[in-house]
Amino acid sequence: MDSITRARRLCRWVLISLLGLVWFTLSLQIVTEIGLGRAQWWRLGPALAAVIVFSRSYLRVLDAALESRYATKDVVVAGALAVFAASIGGGDPVGWGLVLMAWLSVATVGIPLWRAVLISVGTYVVAVGIGAANVLGGYRLLFDGQADPVVSIPFMVVIYGIMCASFPPSNRIWVWIYRLAVQAHEGREAHARLAVAEERLRFARDLHDLVGHQLSAIAVKTELAVRLSDADTSAARAEMTEVNALTRKALRELRQAVRGYRELDLPAELESVRGVLEAAGVRCELRLPHRDLPAGVGPVFAYAVREAVTNVLKHSSATFCDITLRFTTEEAALLVRNDGVVRRQAADLGSGLSGLGERLAAVGGELRAHPTADGHFVLDAVVSLPIRG
């Protein structure tokens, strides 16, 4: 389960918890009224049926809010059911009236603030009106066995006021935080796609620089050899000999490009990956030796840094990435650690890391890449010194 799925599930359960509270308080109220002999089934039956249907509409409104939609039809249906249930149930703010508050908590999500305020004020007036009408008609709130309007109505005014002022902002904040997380995740994926696109462009430029000139020369000399083949066989043969040499050179350089054997500048690569990581919201810290690196170490580790950071951007949800480089007279080591474990088995390094491991093995090095018990992912590249050709 990725971080966005977990965030959505958490936000959904927080919003559903209020519906659970509604059913819990209604159960207590029904049990209490039955115990006191005050249960009026002509009220309870229709009210319970309304709340059951309301619950289904509530969940649809909630899911729409998490998908950045506003389910107007479901909001209206749920609102009508909430008013009906509160009216026929008695309007107790810690009983049937709580259904109205649950509706308010999701009806105000995903709309402008001024509309949310208007809906909250309107719901407050309706809730207090329903509760006052029931109390004046002889309905007893749970805490007021005497059904005294002088006590019950001010109580409802205060409780409904607190609920209408607190429920909507709370749910709006939760959904706002979830949407921020989604936007951040989408931004990180966009950075990863951009990094991949830039790498493709770089590879295309490298191919052009490496073999473009040779291929152009081959085309010219081949055309010349064709023209000379009848008039001057010796000259045509000489041109074809040069074509053969150019072809071999182009093939050799193409293999070097594909295998990644062209030398990279490690300091430039480190600065580049730090800029990309920080642009993606990943804190990057470099720990580098003060001395110059031994000959041949820079190009080898530059590819390791590039592959490690590409994986951080593409496969993890990291918030930091530490890159440490150290060496002695016997060996040099590169350690890349981040706090976003890639979604694959430790033994399955993927094609990129497998290719990197083969490259290190070719110069007498070793690659280890694995998640740790503390939720980090570590790439450790070690090569023996001096680097063998």
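Just so we're clear, the structure is a prediction, and the values are computed from it rather than from any experiment.
The cluster map of Ile, Leu, Val, Met, Phe, Trp and Tyr, joined by side-chain heavy atoms under 4.5 Å apart, puts Met101 and Ile111 in the same cluster. The same ILVMFWY cluster, assembled from side-chain heavy atoms under 4.5 Å apart, contains both Phe327 and Leu266. Each of Leu19 and Trp174 belongs to its own hydrophobic cluster when Ile, Leu, Val, Met, Phe, Trp and Tyr are linked at side-chain heavy-atom distances under 4.5 angstrom. Side-chain heavy atoms closer than 4.5 Å link hydrophobic residues (I, L, V, M, F, W, Y) into clusters, and following such links, even through other members, never connects Leu118 to Trp103. Hydrophobic clustering, with ILVMFWY side chains joined whenever heavy atoms are under 4.5 angstrom apart, keeps Val109 apart from Val76.
Looking at Val128 and Tyr124, their side chains come closer than 4.5 Å, going by heavy atoms from C-beta outward. Thr319 has its side chain within reach of Asp339: a pair of non-hydrogen atoms, C-beta onward, lies under 4.5 Å apart. Side-chain contact between Leu286 and Arg274: present, with at least one pair of heavy atoms (C-beta onward) separated by less than 4.5 Å. The shortest distance between side-chain heavy atoms of Leu335 and Leu379 does not fall below 4.5 Å. Between Val383 and Leu360, some side-chain heavy-atom pair lies under the 4.5 Å cut-off. For the pair Val282/Asn338, no side-chain contact is recorded, criterion being any heavy-atom separation below 4.5 Å from C-beta on. A heavy-atom distance below 4.5 Å is found between the side chains of Val336 and Leu334. In this structure the side chain of Gln29 reaches within 4.5 angstrom of the side chain of Asp92, judged on heavy atoms.
With sequence neighbours left out, the side chain to side chain donor-acceptor pair (under 3.5 Å) criterion links Arg12 to Asp63. Evaluation of the side chain to side chain donor-acceptor pair (under 3.5 Å) rule for Arg8 yields no partner, not counting sequence neighbours. Applying the salt bridge (Lys or Arg N to Asp or Glu O under 4.0 Å) rule to Arg69 yields the partners Glu67; only residues at least two apart in sequence or on another chain are considered. Residues forming a side chain to side chain donor-acceptor pair (under 3.5 Å) with Arg60 (at least two apart in sequence, or on another chain): Asp74. The side chain to side chain donor-acceptor pair (under 3.5 Å) check on Glu331 picks up nothing, with sequence neighbours excluded. Taking the salt bridge (Lys or Arg N to Asp or Glu O under 4.0 Å) definition, one finds that Arg287 meets it with Glu285, Asp322, sequence neighbours left out. Residues meeting the ring-ring contact (aromatic ring centres under 6.0 Å, His included) test with Tyr70, sequence neighbours left out: none.
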Q: Any chance you could lay out the side chain to side chain contact (heavy atoms under 4.5 Å, CB included) test for Asp380 and Leu367, step after step, and finish with the verdict?
A: CA-CA 6 Å; Asp380 189 8; Leu367 176 70; over 6 Å; no

Q.
Before you tell me yes or no, could you show the steps for Leu28 and Phe24 under side chain to side chain contact (heavy atoms under 4.5 Å, CB included), namely the whole-Å CA-CA distance, both residues' side-chain angles and the distance that decides it to 0.1 Å?
A. CA-CA 6 Å; Leu28 288 180; Phe24 177 74; 3.5 Å; yes

(Q) Apply side chain to side chain contact (heavy atoms under 4.5 Å, CB included) to residues Cys321 and Ile323 and explain how you reach the verdict. (A) CA-CA 7 Å; Cys321 179; Ile323 302 174; 4.3 Å; yes

Q. Are Phe301 and Leu325 close enough, and set up right, to give a side chain to side chain contact (heavy atoms under 4.5 Å, CB included), and what steps lead you there?
A. CA-CA 9 Å; Phe301 283 169; Leu325 184 62; 3.2 Å; yes

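When all heavy atoms are compared, the tightest approach of Ser87 to Ile130 is OG-CD1, 3.3 Å. The two residues Phe167 and Ser105 come nearest to each other via the heavy atoms CB-CB, 4.2 Å. Contact detail for Pro294 and Leu385: the closest heavy-atom pair is CG-CD1, 3.7 Å. Nearest heavy atom pair, residue Ala116 against residue Arg172, reads CB-NH1, 3.6 Å.
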Using distance only, find each side-chain donor-acceptor pair of residues 44-57 under 3.5 Å and give its atom names and separation, not counting sequence neighbours.
{"residue": "Ser55", "atom": "OG", "partner": "Trp23", "partner atom": "NE1", "Å": "3.0"}
{"residue": "Ser55", "atom": "OG", "partner": "Val51", "partner atom": "O", "Å": "2.8"}

Donor-acceptor contacts, no H, no angles, side chain residues 153-163, under 3.5 Å, sequence neighbours left out:
{"residue": "Tyr160", "atom": "OH", "partner": "Gly91", "partner atom": "O", "Å": "2.7"}

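Residue Leu10 holds its CG atom at 11.0 Å from OH of Tyr178, rounded to the nearest 0.5 Å. Atom-to-atom distance recorded for Leu104:CG and Leu98:CG is 11.0 Å, nearest 0.5 angstrom. To the nearest 0.5 Å, atoms OG1 (Thr108) and CD1 (Ile119) are separated by 7.0 Å. Put simply, OG on Ser17 and CG on Leu21 are 7.5 Å apart, with the number rounded to the nearest 0.5 Å. Taken from CZ in Phe377 to OG1 in Thr372, the straight-line distance is 9.5 Å, to the nearest 0.5 Å.
Taking a 4.5 Å side-chain heavy-atom cut-off between Ile, Leu, Val, Met, Phe, Trp and Tyr, the cluster of Ile177 extends to Ile173, Trp176, Leu180. In this structure, Val226 stands alone, with no Ile, Leu, Val, Met, Phe, Trp or Tyr side-chain heavy atom under 4.5 Å from its own, directly or through other members. With a 4.5 Å cut-off between side-chain heavy atoms of Ile, Leu, Val, Met, Phe, Trp and Tyr, the cluster of Phe320 takes in none.
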